[in-house]
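Inspection log for the structure reproduced underneath, given as structure tokens.
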Amino acid sequence: MYLVELPAPQPGPSIDLAAIGRWIEHVPNLRLDGTRPTGKALAARLAAFWLADASVIYAGATRTSIGGRVTALQGHVLGEPRGHADGQWLHVLRELPTARVWWAATSAPEEYLDAVLEAFAAAGPVPTEAAAGRPPGALLVPWANLRRPTGERQATGITGSVLPLPPEPPKPGARVVEVPAGDADGARLEERGTGTRRRAPSPGAEPAPARSGATRRRGASSGSGGPPVPGPVEVTPEAHAAMIAELDVLTRVRRPEVVARIKSARELGDLRENAEYHAAREEQSFLEGRVQLLEQRLRRAVIVETAGGATAGGATLGSRVTVDTAGEELTYTLVGSTEANPAAGRISTSSPVGSALLGSVAGSEVTVRTPRGDVRYRVIAVE
């Protein structure tokens, strides 16, 4: 783990407004309290978290070399996801070139980083003059730390400060050629010579026709542009409200509970042999994964109002469609991909059956192609 420290405490941060301006221009989705900020407004918010009596401005941990981490810190560009985005506030400071990096080796970097942050918070309350400008609920951590290993996040009011990771380009495909048994290189040698030789076609001979499926590429995506970028997801108002409610419970109730369990377990002793501590950290990992998934879904969500019943164009998102297939009557509710639950009769409009039923009306027939053959559905009612 390591600390970034200024030579001495400073009464306030010397913020480079030009760097702030480049940051805002570079990241179109950057928001301050939900609105596009000016450079001065963003600089004022960053300054509100400054601790005048603290020389340590960042604490971090890495499982790679300290040299590599320092290189990433020095070369980071504000707003970029790679490099060292977690401590990117450091790059708005004019004093950064004078900062020192202290480090110590440990076999449990995240655990001891959390302990150091606990010690930092216990060193004393925020000075009165600094507390007046700090947003409610702000953590007492070094200035450039935006979260703790236990999942608590600094209440900055700043969102979208980092560009999304670009899609990784597809790996070069491997060319696989099918050849008859015995024709592989080295299996048949010419009568003369010591190496493997390929016979050239006889003059005037027609080229051999290519066998179907003889050559294929692995890892190449369909189309010409690499892996698809996730697009918007249609959801009903009920599903959207349910995701917001779940996210609120996870962040407002469950996250503090898990953080409290981690703190309690850490007090029991050696973190490396502490089963309760590791169980709490594992639970936290699952919780944070669910939080990230919900946040991603909400960012991509497009709310589709459902009037109920069939429209002039037939069944839509939210419609209940009763069908008959092979003498069996089934009822499906058409929902978005995030709401699908086939066991409960809720099927996604992106599934084969859901896609086929979109736009259907009572009395119509649709056919769904499956690996076992075509399945016909006769629509009885659309509600």
With sequence neighbours left out, the residues meeting side-chain hydrogen bond (donor to acceptor under 3.5 Å, both in side chains) with Glu246 are Arg290
Closest non-hydrogen atoms of Leu334 and Thr349, given as atom of the first, atom of the second and distance, are CB-CG2, 4.0 Å
*asked:* Given 3.5 Å as the limit, does a donor-acceptor pair link the side chain of Thr38 with the main chain of Ala41, or not?
replied: yes
In this structure, CG of Asn145 is separated from CG of Asp86 (nearest 0.5 Å) by 7.0 Å
### Message
Count I, L, V, M, F, W, Y as connected when their side-chain heavy atoms are under 4.5 Å apart, and connections chain through other members. Are Tyr332 and Ile380 then in the same cluster?
### Response
no
Between Val323 and Leu357, does a side chain to side chain contact (heavy atoms under 4.5 Å, CB included) hold up when you go through it step by step?
CA-CA 9 Å; Val323 299; Leu357 292 177; 4.0 Å; yes
*asked:* What I'd like to find out is whether the side chain of His91 reaches to under 4.5 Å of the side chain of Leu96, using heavy atoms alone.
replied: yes
Notebook entry, point to check: Will you find, in the side chains of Thr367 and Arg376, an N or O donor that is under 3.5 Å from an N or O acceptor?
Noted result: yes
Between the CZ atom in Arg346 and the OG1 atom in Thr333, the distance rounded to the nearest 0.5 Å is 6.0 Å
Next on the checklist: Please check if the number of heavy atoms outside Arg147 that lie under 6.0 Å from its CZ is greater than 12.
Outcome noted: no
Note: Ala54 and Phe120 closest approach over all heavy atoms is CB-CZ, 4.0 Å
message = Please determine whether residues Val291 and Leu298 belong to a single hydrophobic cluster, defined as Ile, Leu, Val, Met, Phe, Trp and Tyr linked transitively by side-chain heavy-atom distances below 4.5 Å.
response = yes
For the side chain of His240 and the backbone of Ala301, is there at least one donor-acceptor N/O pair under 3.5 Å apart? no
Are any of the side-chain heavy atoms of Pro142 and Leu117 separated by less than 4.5 Å? yes
- Task: With the side chain counted from C-beta on, respond yes when Val92 and Leu78 share a heavy-atom pair under 4.5 Å apart, and no when they do not.
- Result: yes
Across all chains, not counting sequence neighbours, the side-chain hydrogen bond (donor to acceptor under 3.5 Å, both in side chains) partners of Asp33 are Arg45
With sequence neighbours left out, the residues meeting side-chain hydrogen bond (donor to acceptor under 3.5 Å, both in side chains) with Glu288 are Arg255
For Gly67, does its backbone N or O pair with a side-chain atom of Thr71 as donor and acceptor, under 3.5 Å? yes
Interatomic distance, CG@Leu51 vs CD@Gln10, rounded to 0.5 Å, equals 13.0 Å
Residues at least two apart in sequence or cross-chain that pass side-chain hydrogen bond (donor to acceptor under 3.5 Å, both in side chains) with Thr322, listed by chain then number, are Thr331
Heavy-atom closest pair (Ala144 atom, Leu90 atom, distance to 0.1 Å) is CB-CD2, 3.7 Å
ask   = Should Leu93 and Leu46 be regarded as members of a common hydrophobic cluster, given that ILVMFWY residues are connected when their side-chain heavy atoms come within less than 4.5 Å of each other, either directly or indirectly?
value = yes
Distance col, row Glu257:CD vs Leu250:CG, nearest 0.5 angstrom, shows 10.5 Å
Arg100 meets the side-chain contact (heavy atoms from CB on, under 4.5 Å) criterion, sequence neighbours left out, with Glu5, Trp102
Ring pair (Phe, Tyr, Trp, His ring centres under 6.0 Å) pairs touching residues 142-165, sequence neighbours excluded, are Trp50-Trp143, Trp89-Trp143
Query raised in the report: Would you call Arg297 and Met243 a side-chain contact if the rule is heavy atoms closer than 4.5 Å?
Result: yes
Q | side chain to side chain contact (heavy atoms under 4.5 Å, CB included) between Val4 and Val56, worked out | A | CA-CA 6 Å; Val4 180; Val56 173; over 6 Å; no
**Item:** Side chain to side chain, Val101 and Leu3, heavy atoms closer than 4.5 Å
**Value:** no
d(Ile24 CD1, Ser161 OG) to nearest 0.5 Å is 11.5 Å
Heavy-atom nearest pair, Ser55 first then Ala8, reads CB-C, 4.1 Å
For this session: Using modelled atom types only, decide if a donor and an acceptor are shared between the side chain of Thr251 and the backbone of Leu247 within a distance under 3.5 Å.
Result: yes
Quiz item: Within a strict 4.5 Å, meaning less than it, do heavy atoms of the Glu383 and Ser319 side chains meet?
Solution: no
- Item | Side-chain heavy atoms of Ser360 within contact of Tyr377, under 4.5 Å | no
Taking Glu95's backbone N and O only, do any of them form a donor-acceptor pair with Thr98's side chain (distance below 3.5 Å, no angle check)?
yes
- Query: Are Val368 and Leu358 in one and the same hydrophobic cluster, where Ile, Leu, Val, Met, Phe, Trp and Tyr link if side-chain heavy atoms are under 4.5 Å apart?
  - Reply: yes
Next item on the list: Using a 4.5 Å cut-off on heavy atoms from C-beta on, say whether the side chain of Pro37 contacts that of Leu30.
Entry: yes
Residues Arg69 and Ala61: closest non-hydrogen pair is NH1-O, 3.4 Å
Taking Leu32 as the starting point, is it possible to reach Leu146 by hopping between hydrophobic residues whose side chains are less than 4.5 Å apart? yes
Dump the intermediate steps for side chain to side chain contact (heavy atoms under 4.5 Å, CB included) on Arg148 and Glu118, then the final yes or no. CA-CA 10 Å; Arg148 294 187 54 166; Glu118 281 284 344; 3.0 Å; yes
Between the CG atom in Asp16 and the CZ atom in Arg94, the distance rounded to the nearest 0.5 Å is 4.0 Å
Tightest non-hydrogen contact, residues Ala280 and Ile262, listed as CB-CG1, 3.7 Å
Exercise. Any ion pair linking Glu276 and Arg261 (charged N to carboxylate O, less than 4.0 Å)?
Worked result: no
